[in-house]
Structures are given as C-alpha cells and as structure tokens.
Amino acid sequence: MAFDHRKIEARWQNYWDDHQTFKTHDDSDKPKYYVLDMFPYPSGKGLHVGHPEGYTATDIMARMKRMQGFEVLHPIGWDAFGLPAEQYALDTGHDPADFTEQNIATFKKQIKSLGFSYDWDRELNTTDPEYYKWTQWIFLQLYKKGLAYSAEVPVNWCPALGTVLANEEVIDGKSERGGHPVIRKPMRQWMLKITAYADRLLDDLDDLDWPDSIKEMQRNWIGRSVGAEVQFAIDGFENEKVTVFTTRPDTLFGATYMVLAPEHKLIDKIVTPEQKSAVDQYRADVAAKSDLERTDLAKTKTGAFTGAYAINPVNGKKVPIWIADYVLITYGSGAIMAVPGHDDRDYEFATKFNLPIVEVVAGGDLSKEAYTGDGKHVNSGFLDGLGKQEAIAKMIDWLVAHKVGSRKVTYRLRDWLFSRQRYWGEPIPIIHMEDGSLKAVPEEELPLRLPKTKNIKPSGTGESPLANITDWIEVTVPETGMKGRRETNTMPQWAGSSWYFLRYIDPHNKEKLADPEKLKRWMSVDLYVGGAEHAVLHLLYARFWHKVLYDLGVVPTKEPFQKLVNQGMILGTNHEKMSKSKGNVINPDDIVASHGADTLRLYEMFMGPIDAAKPWSETGIDGSRRFLDRIWRLFVTSEGKLSEIVAPNATVSEEFEKAYHQTVKKVSEDFEIMHFNTGIAQLMTFINEVYKQDKIPASMAEGFIKLLSPVAPHISEEIWSLLGHDQSIEKSMWPVYDANKLVEEQIEIIVQINGKIRARLNVDKGTSRDELEKMALGDEQIKAQLAEKSIKKVIAVPDKLVNIVAK
RNA sequence: GCGGGUGUGGCGGAAUUGGCAGACGCGCUAGAUUUAGGAUCUAGUGUUUCCAACGUGGGGGUUCGAGUCCCUUCACCCGCACCA
C-alpha cells in the first residue's frame with residue numbers, strides 16, 4: 001500500500017481533535033515551555049508558503065518538548081482588526097466582522113490542514129469583544145498613568161475621500177485609491193508616551209536572546225544620544241533664547257553660525273525686514289517639497305539667512321542665524337549650533353554659503369573636509385589641549401555653572417501615534433464631555449463594543465465612520481446628567497498584538513486580563529518565531545506595554561519574549577521574492593494536496609537554515625516526498641502491515657547500533673538549536689543505513705519514528721500505530737542515546753606532510769602525542785615521502801592528526 | 001552614507017575550540033530490476049593537463065595547518081535615511 005497522505009493526514013488530524021492531544025494543562029507539575037508564533041493577520045488571500053515555515057519550526061519545538069517531558073503552551077489566534085476589512089466594508093457595504101469571520105475560517109482550515117499541534121481551546125481573536133475588553137482596559141491603565149495623551153499632530157488628510165490615510169495608502173502625495181491629493185493636516189490624536197520607557201527598552205535588550213540584527217535595529221530606532229543642551233541668547237531680543245542640542249558640546253568654540261528648522265516657531269519673531277521675503281520664500285519652497293525630496297541625501301544643502309544673530313555663550317561672539325531643511329523640527333530642539341569644522345553637514349552648508357570655518361579639534365585638514373575624529377582641542381579657551389571626552393565633560397560643567405546649558409539625552413524614538421480614524425478597530429474608551437473634560441469609560445462598562453451598522457461610510461470630517469453613528473456617539477452620564485461624545489478614533493492594529501501572548505495563558509478569564517498565578521507559571525515566552533518585518537514596531541510596542549504592565553504588577557517579567565528567531569523568506573524558484581506579478585507564488589494548499597502536509601513541513605525545514613532566505617524548488621519538494629515514501633516502504637508492506645524488517649529482538653552490527661545512537665544524539669541536539677536542516681539530513685543518513693540492513697530491532701524503529709514525528713507527525717503516527725501502539729506518539733518519550741555506544745576505540749588519524757594529507761593511521765583513541773609521532777614517522781608511505789627531506793618540526797594532536805614539517 | 005548580514009560544486013546547502021572542504025538533498029551518469037515510467041534499488045558525481053595539482057567572491061597576512069582568525073577589496077541582501 002502506497003503512502004496515501006490524504007487519508008492518513010485527515011485521520012490523524014481528526015484523532016488529535018477528538019482526543020484533545022494537544023491540550024495544555026495549567027496545573028501539571030512538569031516544567032513549562034511556551035512557544036509562540038507571531039499572530040497572523042487573516043487576510044483574504046489565505047496562507048502563503050512563508051507561514052508554514054515559522055509555524056513548522058515552532059511546532060517541531062512544541063512536539064519535541066512535549067515528548068521531553070515539558071508542559072507546552074503552543075497557541076494560535078487572529079490579529080483580525082485591520083485595513084483590508086474596513087476597505088472591503090467601504091467598498092461593498094458589508095460588515096467587516098462577517099468578512100473577517102470568513103477569512104479566519106479559511107485561515108483556520110488551512111492551518112489545520114498542516115497538522116500543527118495548537119491548543120485550539122485557547123484560540124484568540126482581537127476583534128472579539130471579550131478580547132478587546134482587555135485591550136481597552138490596558139489603554140485605560142496607560143491613560144491613568146499619564147502615558148496616553150491627546151495632541152495635535154499632522155496626519156494624511158485626503159479632502160476628496162473625506163478620510164485620513166495611513167502612510168502606506170499614500171503614494172507620491174496622492175491617495176492610493178483614486179489618486180486624489182493628500183495633505184498633511186494637524187488633527188487631535190491619541191499618543192502613547194513610549195519615550196518615557198526609551199532607556200529601559202534600550203537597556204533591557206542586552207539580556208534578551210534575540211538576533212543581533214534585531215537588537216541593533218531596535219537600538220537604532222530608539223536612537224539614544226547623549227550630549228548637552230546649550231542656550232543661545234539672541235542679539236536684540238532680551239527675552240528670547242534658542243536651545244540647541246549637541247552631542248559635541250566640546251566644539252562650542254567652533255560654532256560659527258546657528259541653524260533653525262524651517263518650521264521653528266521663533267523664526268517669525270527674529271527675522272529682519274530685509275530678509276523676510278527670502279525666508280518666507282525658502283519656507284514656502286520647503287513646504288512644497290515631499291518628504292521624499294526633503295530627505296534625499298544626495299541633494300546639496302539649501303537655506304536662508306534670517307538676518308538675526310545669536311550670541312555664542314562661551315565666547316560672546318555673534319553668530320548668524322540661518323534656517324535650513326537639513327535641520328529637522330522633530331529632533332532635539334529643532335535648532336543646532338553649527339560647527340562646520342567638525343561636522344560634515346555643517347561643513348557642506350558653510351562651504352556653500354561662505355560661512356566661517358574654525359578649527360577647534362586638531363588632527364584634520366579643514367581645507368578639504370570636516371574633521372569628526374578625536375584630537376587635542378585648539379582655539380577653545382579653557383578646553384585647549386584636552387581630548388574629546390575630557391573636553392565634553394568640562395564644557396558641560398562650564399555650561400551648568402553658567403546656567404546656559406546642561407547634560408541632555410535625546411532619542412530618535414517618538415511617541416506612538418495611537419489613534420486611527422477607522423471603524424474597524426478597538427474603540428478608545430474615552431468620552432469628551434460637553435464641558436471640555438475627558439472622561440474615561442468606567443472599567444466595569446468594558447468592553448465598549450463597536451456598534452453594528454449597516455453602512456460604513458466616511459464621516460467627511462476626518463473623523464472615523466463611527467462619527468456617523470449618533471446613537472453610539474452621544475452619551476449622558478447617569479449620575480450627573482452631563483452629556484458627552486464618545487471618542488471616534490479607534491486603536492491601531494498594533495494594540496491587539498501588543499499583549500495577546502498574555503491572554504493565551506488564560507483566555508477565558510472574565511475577571512482579569514489573566515490570572516497572576518498562571519502568568520507566573522507561563523511567562524516569559526521561551527521561543528517566539530516570526531518574520532523580520534516586525535523587528536521594530538510590533539516588538540517594540542509589545543515590549544513597551546509589557547513594561548507598563550510590569551510596573552502595574554500585572555505581569556511578572558520585565559520582558560515578554562526571552563528568545564526570538566526570525567524565519568527567513570521563502571523565495572520563488574527564480575530566487576526572487578514571491579509575488580503575483582512575477583507569477584512565482586507557491587500556494588501551500590496545492591502542495592498539501594499534491595505532496596501532503598508532512599512533505600511540505602519536511603521540505604520547508606530541510607531547505608536550509610531557518611533564518612536564511614531560501615528559494616523554492618519543485619524538485620526539492622519531490623525529494624522530500626521521496627524520503628517519506630522511502631520511510632513508508634521500509635516500514636509498511638504493500639498490504640499495509642508492518643514490514644518484516646522490524647523484528648522485536650533483531651540483533652544488529654555494532655556499527656549500525658552506533659549509527660542509531662549517533663542519529664538520536666545529532667537530531668536531538670540539532671532540533672534543540674533549531675538546526676532542522678542538518679537534523680533531517682541525519683534522519684536521511686540513518687534511513688540510508690537501514691536500507692542496508694535485513695532486520696532492525698523494534699526499539700530502533702520506534703526511536704527513529706519518534707525523531708521524525710515532530711517534523712512529519714501524520715506519517716509518524718500511522719507507522720507508530722502499526723508498530724503496535726494504541727496511543728498517540730505524542731504521549732511517548734523522546735528517545736535517548738547511549739553514550740557508551742558512541743565511544744570509539746579506534747580512530748583514524750591523518751598524517752600530513754607540510755599540511756598535505758599523506759597517510760592515514762588507525763590508532764587507539766587517546767594515543768599520546770609521542771606515540772602518534774613515532775607511529776607517523778614509522779609509517780612506510782611517510783618514510784618514502786620524507787626520504788629526500790629533513791624534518792623541521794612535528795605537530796601531533798591526539799585523536800586528530802600528525803603534521804610533519806619538512807624541507 | 002551609517003548599521004546588520006551573506007558570498008562554498010550545475011543547484012539548495014554541510015563543516016565543534018583553526019585540524020580530512022563539499023555531509024544530506026536536488027540534478028546528472030552508469031548498472032540492476034520492471035507490466036518501459038517523471039517508479040524502485042545499487043554505485044558514481046568539485047575542477048583540471050587525473051600516479052598529481054588546484055579549489056570556499058578577489059588580494060594580502062597570522063599559523064605547522066585557515067571556509068573558519070586579522071587587514072584590505074568587490075558583489076549582493078536587509079534595516080535606517082541629513083537624528084545635530
């Protein structure tokens with residue numbers, strides 16, 4: 001009987017469901033292992049081959065750990081709020097909830113067809129009011145702690161569509177849908193003060209077992225820089241000051257001009273009448289530029305002189321104040337002291353506008369370029385002769401003593417723009433009262449449900465479609481009779497995914513986000529696997545919320561995800577990213593139908609390292625299927641019975657026994673560190689060996705099938721039952737190897753002359769250096785090779801080699 | 001430009017602390033078998049001028065010995081984008 005994957009896979013998937021094989025027990029006394037996949041967004045397009053890669057990796061870990069005696073938490077759920085459902089609703093008038101439900105059903109069916117060992121009783125859905133109740137609850141905690149505030153910030157407003165667009169919906173300043181112009185318009189938005197946690201988000205990265213690249217990306221994103229704030233007085237304006245931020249306060253003596261960002265609010269006050277038209281013109285030019293043009297590094301510097309002068313506090317010199325778009329209003333204080341001698345950008349600007357360049361750190365050639373390195377300070381008064389570090393410290397002391405500046409840390413990280421002008425998101429539980437005050441929806445009234453509506457349409461005002469739903473919007477506080485209007489903004493998609501891993505731990509809890517005892521039992525996540533595209537935002541937001549919850553005593557750990565692994569992308573057969581337009585998309589459903597889920601799982605793990613980008617190969621997937629067929633033929637007869645190669649008490653050669661124990665060792669070790677490709681290679685090697693045997697003992701057949709089972713669970717269950725077991729292989733114990741069987745008594749040693757292999761010797765393990773040397777020099781072949789030469793040196797490494805250096 | 005990463009056969013990829021380069025798979029070749037097929041089994045398969053030499057993007061170095069360490073250079077991928 002051939003290996004019929006359709007029948008077998010369906011059978012075991014039903015068995016697992018019926019027997020609740022993968023149910024997680026909170027009260028077991030086994031050690032815990034929490035292995036988590038990144039929350040999928042159930043798009044209408046369904047699963048692509050990238051999904052099963054990460055999911056298979058975590059599933060292998062989950063299945064192996066269960067067999068190794070761990071209580072495993074391996075859940076899945078749906079990050080189901082999001083733009084596509086809303087757009088679908090706007091286009092068709094249908095309820096996004098229905099659309100989402102269908103998509104989830106499709107996704108679930110696809111995921112189930114791959115045989116992942118999820119505990120489906122813990123399935124989550126961010127759009128479920130019982131779930132988003134707690135998303136809203138967390139928001140209220142943030143609000144109470146002063147970490148949620150509202151502010152006027154510019155958004156992408158499309159007047160023609162009457163709506164606000166996300167950045168990705170704006171292409172070249174036009175709306176993606178319809179090509180209407182989009183303008184930046186300040187609107188009141190909810191912000192979360194993630195910057196208050198910047199230092200902790202940065203520092204706690206050190207203890208995480210994450211890829212360096214991801215940690216580095218987060219560090220860069222947070223962008224902490226240490227320097228000083230310096231206040232410059234403005235000539236002729238006694239009450240005005242400009243504060244600049246600099247990382248190089250030691251170069252203050254070299255500040256020969258000052259630059260304000262074109263949006264800086266002081267400009268109108270200080271600009272001289274003669275310069276006003278030039279400044280206005282420049283600001284108009286800058287405003288007309290797209291973000292892309294403004295940030296184009298290749299362009300030359302532009303700017304305009306305001307006519308005003310600032311006073312350099314350290315030497316009292318007058319320096320001209322310019323405006324230029326190379327200074328960003330969003331960073332630091334939106335103003336800089338320009339030190340053209342020691343900053344590339346300032347140098348470029350000064351050269352273009354003929355501003356003076358003064359050397360204050362020796363070591364460079366200022367006629368050619370700015371010198372940004374370290375060196376002795378010159379032309380710097382009390383700093384002369386000092387190096388960079390001492391000079392910075394001394395200058396900060398001076399600034400503090402003269403009350404014109406201080407040490408200062410700034411971050412690139414901005415506060416999190418938390419509101420979206422959307423219907424399909426968690427409602428923000430805030431009421432704007434008619435007296436202008438804000439009132440939080442009482443916790444006991446949560447969840448604040450999204451109102452059902454027949455027709456979702458833009459409000460036209462920039463508010464979300466919720467603004468149309470008068471019944472929902474207008475509220476009266478019962479105690480006071482005061483009227484109010486609900487917040488029409490909803491939360492971004494990041495909200496629900498910032499804490500879902502906590503809810504899996506206690507998904508049906510009505511009283512709390514999750515039981516503290518259970519959180520203590522399960523946190524933190526031992527292994528988190530997902531795509532690198534979430535390297536910054538999702539992982540940073542989740543860490544931020546987690547720290548807030550930690551401070552509130554809700555969660556027991558400082559960090560949510562102890563170990564993080566990014567699966568690499570699966571490319572098309574042409575080594576390019578899969579895309580519809582390139583026609584190189586592989587649909588996992590097709591593979592499951594043609595080759596089976598086990599084959600797909602096996603192949604995706606065998607393709608290469610989990611974190612590398614790897615191209616798909618048609619013949620490669622065939623090869624993986626062939627391996628499973630080979631296993632099947634080995635263990636199962638054409639009548640569907642257990643093959644006679646398996647004999648309970650078969651004796652095998654010492655060599656084969658060794659191969660078995662080596663396989664157990666290598667597979668166990670490789671899977672543990674997620675080197676699935678090499679572990680699978682070892683399984684293949686073992687099967688190649690088995691093909692050379694007449695009989696193998698049942699114990700080894702069972703051991704092998706156990707090793708295979710996390711990767712290819714369906715075929716493994718089937719063979720396991722043919723081996724005479726009436727319980728799932730999942731309930732069996734992971735095999736252990738006998739180290740004694742791996743001990744080599746004799747090993748082959750290579751003998752090199754000048755690093756080239758000239759002979760091989762079989763010696764007892766542990767043969768001493770001297771002995772090896774003697775044996776090597778006594779070897780006939782070696783003697784012959786050395787006949788014309790004189791020996792300079794002999795290096796002998798026990799159990800490895802002898803290298804003879806000769807001339 | 002800055003930060004991170006990757007370069008190994010025809011292809012995907014293996015290779016502890018520096019110690020037999022190319023495990024395993026694909027592809028290819030040959031043989032066997034068969035109801036002749038995109039099946040199966042067995043063997044072979046880095047290159048070349050094949051008793052040997054060369055070979056891990058290029059160049060240089062350290063070392064008895066380098067895919068692995070150091071310097072330099074090139075190519076590609078990912079992230080950031082004038083962050084003062």
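Heavy atoms only: backbone and side chains are in, while hydrogens, waters and symmetry mates are out. A note on names: the letters A, B, ... follow the listed sequences, proteins ahead of strands, and every chain is numbered from 1. None of the values given here were measured: they were computed from a predicted structure.
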My understanding is that only residues two or more places apart in sequence, or in another chain, count here; which of them pass side-chain hydrogen bond (donor to acceptor under 3.5 Å, both in side chains) with A/R769? none
Does OP1 or OP2 of B/A81 have a side-chain N or O of A/R412 closer than 4.0 Å? yes
Is A/L205 close to A/R543 at the side-chain level, that is, under 4.5 Å between some pair of heavy atoms? yes
Using the P atom as the reference point in each nucleotide, state the distance between B/G67 and B/G22 in Å, no decimals. 12 Å
Would you please name every residue forming a side-chain hydrogen bond (donor to acceptor under 3.5 Å, both in side chains) with A/D346, sequence neighbours left out? A/Y326
5' to 3', nucleotides 15-28 of chain B under a 4.0 Å protein heavy-atom cut-off (B base, S sugar-phosphate only, - none) gives --B-BB--BBSSS-
Any protein N or O atoms within reach of nucleotides 6-8 of chain B? Criterion: under 3.5 Å, listing atom names and distances.
none

Please state whether the base of B/C64 and the side chain of A/K792 form at least one donor-acceptor pair under 3.5 Å? no
How many whole angstroms separate atom CD1 of A/I329 from atom P of B/A84? 16 Å
How would you label the contact of A/P211 with the nucleic acid (heavy atoms, under 4.0 Å): base, sugar-phosphate, or nothing? nothing
Residue pairs involving residues 213-222 of chain A (criterion salt bridge (charged side-chain N to carboxylate O under 4.0 Å, His left out); sequence neighbours excluded): A/D206-A/R219, A/E216-A/R219
Pairing check on B/C28: which nucleotide meets the Watson-Crick or G-U wobble criteria with it, both distances under 3.5 Å? B/G44
Find the partner of B/G67: check Watson-Crick (N1-N3 plus N6-O4 or O6-N4) and G-U wobble (N1-O2, O6-N3) distances, both under 3.5 Å, and reply none if neither fits. none
With sequence neighbours left out, the residues meeting salt bridge (Lys or Arg N to Asp or Glu O under 4.0 Å) with A/K692 are A/E689
If only atom types and distance count, is the side chain of A/T56 paired as donor or acceptor with the main-chain N or O of A/R601 below 3.5 Å? no
Any residue meeting ring-ring contact (aromatic ring centres under 6.0 Å, His included) with A/H264, in chain and number order, not counting sequence neighbours: none
Measure the distance from CD on A/E604 to C1' on B/G12 and round it to the nearest whole Å. 14 Å
Are any of the side-chain heavy atoms of A/W210 and A/N566 separated by less than 4.5 Å? no
Determine, step by step, whether A/R630 and A/N688 satisfy the side chain to side chain donor-acceptor pair (under 3.5 Å) criterion, reporting the C-alpha distance in whole Å, the side-chain angles of both residues, the deciding distance to 0.1 Å, and the verdict. CA-CA 9 Å; A/R630 218 163 128 76; A/N688 290 343; 2.7 Å; yes
Euclidean distance for P, B/G44 against B/U34 (whole angstrom): 24 Å
If the P atom of B/A23 is compared with that of B/U45, how far apart are they to the nearest Å? 10 Å
Non-neighbouring partners of A/E771 that pass side-chain hydrogen bond (donor to acceptor under 3.5 Å, both in side chains), sequence neighbours left out: none
What is the separation between atom CD on A/E348 and atom P on B/G1, rounded to the nearest whole Å? 14 Å
With heavy atoms under 4.0 Å as the rule, sort A/R633 into base, sugar-phosphate or nothing. sugar-phosphate
Any strand, both distances under 3.5 Å, Watson-Crick or G-U wobble: B/G1 pairs with B/C80
Summary of salt bridge (charged side-chain N to carboxylate O under 4.0 Å, His left out) pairs that have at least one residue in residues 613-624 of chain A, sequence neighbours excluded: A/E53-A/K614
B/A84 P sits how many Å from A/F349 CZ, rounded? 19 Å
Nucleotide paired to B/A39 in any strand shown, Watson-Crick or G-U, under 3.5 Å: none
Check whether any side-chain N or O of A/K614 sits under 4.0 Å from OP1 or OP2 of B/G12, and answer yes or no. no
For A/I222 and B/C80, give me the distance from atom CD1 to atom P, rounded to whole Å. 15 Å
Assuming nearest nucleotide by heavy-atom distance, tell me which of A/K692 and A/E216 is located more 5' along RNA chain B. A/E216
Starting at the 5' end of RNA chain B and moving along, which residue's nearest nucleotide shows up first, A/I336 or A/A532? A/A532
Between residues 567-578 of chain A and RNA chain B, which residues have a heavy-atom gap below 4.0 Å? A/H575
With a 4.5 Å heavy-atom cut-off, do A/F305 and A/F353 have their side chains touching? no
A/F671: what forms a ring-ring contact (aromatic ring centres under 6.0 Å, His included) with it, not counting sequence neighbours? A/F676
At under 4.0 Å between heavy atoms, what does A/R414 touch on the DNA or RNA strands: base, sugar-phosphate, or nothing? base
Would you indicate whether the side-chain heavy atoms of A/Y257 and A/V259 approach each other to under 4.5 Å? yes
So what does A/Y691 hit on the nucleic acid, given a heavy-atom distance under 4.0 Å: a base, only sugar-phosphate, or nothing? sugar-phosphate
Expressed as a whole number of Å, how far does the C1' atom of B/A21 sit from that of B/G65? 14 Å
Between B/C70 and B/G4, how many Å separate the two P atoms, rounded to a whole number? 14 Å
Taking syn as any angle within 90 degrees of 0 and anti as the rest, which one fits B/C69? anti
Pick one for B/G38: is it syn, with its angle within 90° of 0, or anti? anti
On a whole-Å scale, what distance lies between the P atoms belonging to B/U68 and B/G57? 8 Å
Quick one: A/I753 CD1 to B/C64 C1', roughly how many Å, whole number? 13 Å
Counting the atoms with a prime plus P, OP1 and OP2 as sugar-phosphate, which does A/A612 contact under 4.0 Å by heavy atoms, base, sugar-phosphate, or nothing? nothing
Measure CG/A/L413 against C1'/B/A81 and give the value in whole Å, please. 16 Å
Hits for side-chain hydrogen bond (donor to acceptor under 3.5 Å, both in side chains) against A/Q662, two or more places apart or cross-chain, chain-then-number order -> none
In whole Å, what is the span from the CD1 atom of A/I804 to the C1' atom of B/G65? 13 Å
When the P atoms of B/G18 and B/G12 are compared, how many Å lie between them, rounded to an integer? 28 Å
Using the P atom as the point on both nucleotides, what is the distance between B/U6 and B/U16, in whole Å? 15 Å
